[in-house]
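All of these numbers come straight from a predicted model, not from anything done at the bench. Along the sequence shown, the residues carry numbers beginning at 1. Every number for a ligand or one of its atoms is a count from 1 in the order of the listing.
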Amino acid sequence: MAAPAPVVILATAKHTATLIFLHGLGDTGQGWASAMAAIKPPHVKVICPTAPTMPVTLNAGFRMPSWFDLKSLDESGQEDEPGIKNAAKQIHSLIEKEESAGIPSNRVLLGGFSMGGALAIYSSLTYPKPLAGVVGLSCWLPLNKSFPQAMKSGDSLPILQCHGDCDPVVPVKWGQMTASLLKTFLHNSTEFKLYRGLMHTSSEEELEDIRQFVSKHLSQ
Ligand SMILES: *[C@@H]1O[C@H](CO)[C@@H](O)[C@H](O)[C@H]1NC(C)=O
Ligand SMILES: *[C@@H]1O[C@H](CO)[C@@H](O)[C@H](O)[C@H]1NC(C)=O
């Protein structure tokens with residue numbers, strides 16, 4: 001289950017903030033590293049971890065990098081609750097590592113794509129200290145019934161959710177349902193952006209919105 005070391009892009013100015021970005025199913029940290037390197041401010045360090053390799057039910061039990069087991073990609077499908085919680089613990093320990101290196105939690109921003117975005121949102125809401133924010137791309141909120149009870153983040157966690165309206169993998173409807181649910185307990189701090197014609201991937205326009213969100217919430 002050991003995963004390869006994360007891809008780390010060092011700050012090019014004095015390091016005062018960290019962005020941790022989680023890839024989607026079957027990908028690796030390398031998959032998003034150059035896109036994040038291109039949009040990060042100089043004082044931000046980027047960490048792109050790679051998920052452990054495990055059998056994935058959705059893909060007939062084939063082994064691939066995956067943060068937790070995915071049984072279905074359907075908003076009413078069964079979820080791997082212990083797997084999700086365990087993955088969140090791994091992400092929490094990455095955040096703690098930044099904290100012990102002198103970066104306060106409110107200078108750490110999480111992001112992710114697809115199941116990585118789902119884990120980023122879940123991990124941020126369940127981290128016991130305030131984070132700078134979270135970017136969830138083409139994703140959903142896992143274990144949604146446990147919220148807001150499971151929430152430890154405080155109710156002003158800034159969340160930017162982005163989703164393509166032609167996503168054939170994670171239906172945009174699911175992203176929108178997640179956005180409405182998040183709004184019920186995060187009052188003012190969430191934003192949902194829809195991208196016309198975008199499938200289960202990213203775009204220049206979306207990356208520009210992420211760049212702006214990151215520079216706003218991890219300002220110098
Ligand atoms: C929350 O999860 C349940 C299944 O556990 C699902 O039926 C419901 O649609 C989900 N809601 C959102 C907002 O994703
Ligand atoms: C929402 O934001 C507005 C303007 O920033 C603020 O006045 C209001 O108190 C906020 N409401 C909540 C519930 O946080």
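In this structure, the side chain of Glu79 engages the main chain of Leu143 through a donor-acceptor pair within 3.5 Å. Side-chain atoms of Ser105 come within 3.5 Å of backbone N or O of Pro130 as a donor-acceptor pair.
At least one heavy atom of Trp174 sits under 4.0 Å from some atom of ligand 1.
At under 3.5 Å, a nitrogen or oxygen of Asn144, whether backbone or side chain, sits near a nitrogen or oxygen of ligand 1. Note: an N/O pair closer than 3.5 Å links Lys145 and ligand 1 by distance alone.
With hydrogens left out, the protein atom closest to atom 13 (C) of ligand 1 is Met177 O, 3.4 Å, a heavy atom. Among protein heavy atoms, atom 6 (C) of ligand 1 sits closest to Glu75 O, 3.0 Å.
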Checklist entry - Can you check side-chain contact (heavy atoms from CB on, under 4.5 Å) on His23 and Phe113, steps first, answer last? => result CA-CA 5 Å; His23 63 75; Phe113 172 73; over 6 Å; no

Checklist entry - Could you walk me through whether Tyr122 and Phe147 pass the ring pair (Phe, Tyr, Trp, His ring centres under 6.0 Å) check? => result CA-CA 10 Å; Tyr122 183 85; Phe147 292 96; 5.7 Å; yes

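Taking the charged nitrogens against the carboxylate oxygens, Arg107 and Glu98 have no contact shorter than 4.0 Å, which rules out a salt bridge.
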